[in-house]
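Report on the following structure.
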Amino acid sequence: MNHDHGYKLLFSHAEMVADLLRGFVKEGWVNELDFSTLEKINGSYISDDLRERQDDIIWRLRRKQGKQDEWLYVYLLLEFQSTVDWFMAVRIMTYIGLLYQDLIRSESIKTGEQLPPVLPMVLYNGDHRWQAPVNMGELILPAPGGLDRYRPQLNYLLLDEGRYHEHELVALRNLTAALFRLENSRTPEDVQQVLQALITWLHTPEQDSLRRAFTVWLKRVFLPGRMPKTSFDEIHDLQEVYSMLSERVKDWTKDWKQQGIEEGKQIGIQEGKRIGIQEGKQIGIREGRQEGRQEGRQEGRLEGRLEGEVEFFLRLLERKFGPADEITQTRIKSTDSQTLLRWGERILVAQTIEEVFEE
């Protein structure tokens, strides 16, 4: 089970979605939501080119407008991501378009009616902080003149789990905050603290399904990532996870430290390679420049000496036979030092200019 599927299992529960909105969407309209109306929507859409989107998790719930007894649907599109996608805004815009197409085709929205608002959310748990634009307009070059008003401006809400500090999350009695704390945990003791809270919160029979979902995520996604050599097949409940941690805390701490060392080594190797490549490039540039200067000086000296020899030969030739024609001058200037030396010796005994250049 990969990370996305584990999150999909957890956020298939209304309590997780409700806590996600209550704890992490810091906007006033959240207070107007009726969480008792949360309803999961089928998240499989087929676009015109027949490519399917089956991993979306989409919910809807009612929002009361002012004092009037009117309700609007709010669709929540959750996109789980573990690596930075520079063009995420394009993907989100496409998914929302598919959602609206589905509503129109199913006649959930009739002609003349307005489409419901959508809150697109990206949950990100990667090691590096999210740097991609969260607004579609930031990905598009500014257009000249009035054309700029046609640039799409769709936004998505980014929740970068690594940006939250423990003191922020621990203050929330919140299931989604507990999930983020587990993701950010560094020691078995950190996991135990979160597990104790989850065991306390998820104790009623109505919460059995969500309790099992957390257990499945822990044994199939979270724990194997921390201790890949350990089997967790015998774990079937959060209490069993907590008990195992208590019994093997020393061994687990050792494993986690070793994993940290290995991860550190890998990071160090990659960083070393990167630095080595950069230093190698700089050394290569310096050495290349130095070698180029030396070769340039050598070639310059040789060329200068040859030019002097040509000039001297032309003056000797002119003194004995008069000015050389253009063809003869070109021939002399294109020859080498040894040939010039041989021709110079012939000037002393030659009766005609042709005898100087005889082969």
Side-chain angles (χ1 to χ4, degrees), residues 7-45 53 55-81 88-89 92-93 95-104 106 108-110 113-125 134-136 153-161 163-164 168-181 183 197-198 201-202 204 206-211 213-214:
Y7 262 41
K8 182 177 180 180
L9 178 64
L10 287 169
F11 284 97
S12 293
H13 293 80
E15 288 180 79
M16 288 293 294
V17 178
D19 276 6
L20 177 67
L21 292 172
R22 291 191 185 104
F24 296 92
V25 182
K26 308 298 184 181
E27 298 180 20
W29 56 264
V30 175
N31 297 324
E32 302 171 4
L33 299 177
D34 182 356
F35 291 99
S36 67
T37 64
L38 268 169
E39 177 185 0
K40 193 170 184 294
I41 305 299
N42 179 24
S44 179
Y45 305 102
R53 283 290 306 167
D55 293 331
D56 295 338
I57 298 181
I58 302 176
W59 292 77
R60 66 179 181 180
L61 68 167
R62 295 182 180 272
R63 179 171 67 94
K64 189 171 184 179
Q65 284 189 321
K67 297 181 180 180
Q68 298 180 1
D69 191 18
E70 296 179 358
W71 300 86
L72 294 176
Y73 286 94
V74 178
Y75 285 77
L76 307 175
L77 186 150
L78 307 179
E79 175 68 23
F80 304 115
Q81 188 75 11
M88 175 57 74
I92 293 294
M93 185 175 67
Y95 301 159
I96 292 176
L98 293 175
L99 171 59
Y100 282 149
Q101 278 188 343
D102 184 76
L103 293 175
I104 295 168
S106 65
S108 299
I109 304 296
K110 305 291 192 302
E113 296 180 342
Q114 290 185 301
L115 293 165
V118 177
L119 171 64
M121 304 181 71
V122 173
L123 270 64
Y124 172 70
N125 70 324
V134 297
N135 182 284
M136 180 65 193
Q153 295 296 326
L154 182 141
N155 290 281
Y156 62 86
L157 176 62
L158 171 69
L159 298 182
D160 185 345
E161 297 177 18
R163 289 191 183 276
Y164 293 99
E168 297 178 83
L169 298 173
V170 74
L172 299 173
R173 190 186 186 283
N174 185 290
L175 293 169
T176 300
L179 177 64
F180 290 0
R181 289 176 65 193
E183 291 274 28
L198 287 174
W201 298 343
L202 303 176
T204 65
E206 295 80 11
Q207 296 170 310
D208 284 348
S209 179
L210 181 54
R211 184 180 178 119
F214 264 104

Handout entry: N/O donor-acceptor pair under 3.5 Å between Asn135 side chain and Asn155 backbone
Key =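 Side chain of Asn135 to backbone of Asn155: no pair is present.
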
Problem - Tyr100 side chain to Pro116 backbone, donor-acceptor under 3.5 Å - result: yes

In Å, rounded to the nearest 0.5 Å, how long is the span from [atom1] of [X] to [atom2] of [Y]?
X: Lys110; Y: Leu103; atom1: NZ; atom2: CG; result: 11.0 Å
X: Arg163; Y: Glu168; atom1: CZ; atom2: CD; result: 11.5 Å
X: Arg181; Y: Leu169; atom1: CZ; atom2: CG; result: 7.0 Å
X: Phe24; Y: Leu157; atom1: CZ; atom2: CG; result: 11.0 Å
X: Arg60; Y: Ile41; atom1: CZ; atom2: CD1; result: 4.0 Å
X: Gln101; Y: Ile109; atom1: CD; atom2: CD1; result: 14.0 Å

Taking the side chain as everything from C-beta on, heavy atoms only, tell me whether [X] gets closer than 4.5 Å to [Y].
X: Ile57; Y: Tyr7; result: no
X: Phe35; Y: Val30; result: yes
X: Phe180; Y: Asn174; result: no
X: Met121; Y: Val25; result: yes
X: Leu175; Y: Leu179; result: no

Restricting to non-hydrogen atoms, name the atom on [X] and the atom on [Y] that form the minimum distance, rounded to 0.1 Å.
X: Trp201; Y: Ala178; value: CZ3-CB, 4.0 Å
X: Leu210; Y: Leu10; value: CD1-O, 4.2 Å
X: Met16; Y: Thr176; value: O-OG1, 3.1 Å
X: Arg211; Y: Leu202; value: NH1-O, 2.8 Å
X: His13; Y: Ala213; value: CE1-CB, 3.6 Å
X: Pro120; Y: Ile92; value: CB-CG2, 3.4 Å

Problem - Carboxylate-amine/guanidinium proximity below 4.0 Å for Arg22 and Asp19 - result: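 Salt bridge flag = yes for Asp19 with Arg22.
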
Practice task
List the steps and the verdict of side-chain contact (heavy atoms from CB on, under 4.5 Å) for Leu119 and Trp29.
Solution key: CA-CA 12 Å; Leu119 171 64; Trp29 56 264; 3.7 Å; yes

Practice task
I would like to know whether Val17 and Leu61 meet side-chain contact (heavy atoms from CB on, under 4.5 Å); could you show each step before the answer?
Solution key: CA-CA 11 Å; Val17 178; Leu61 68 167; over 6 Å; no

Exercise for the section: Look at atom CD of Gln114 and say whether more than 12 heavy atoms of other residues, nucleotides or ligands are closer to it than 6.0 Å. Expected result: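 Incorrect, the count does not exceed 12.
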
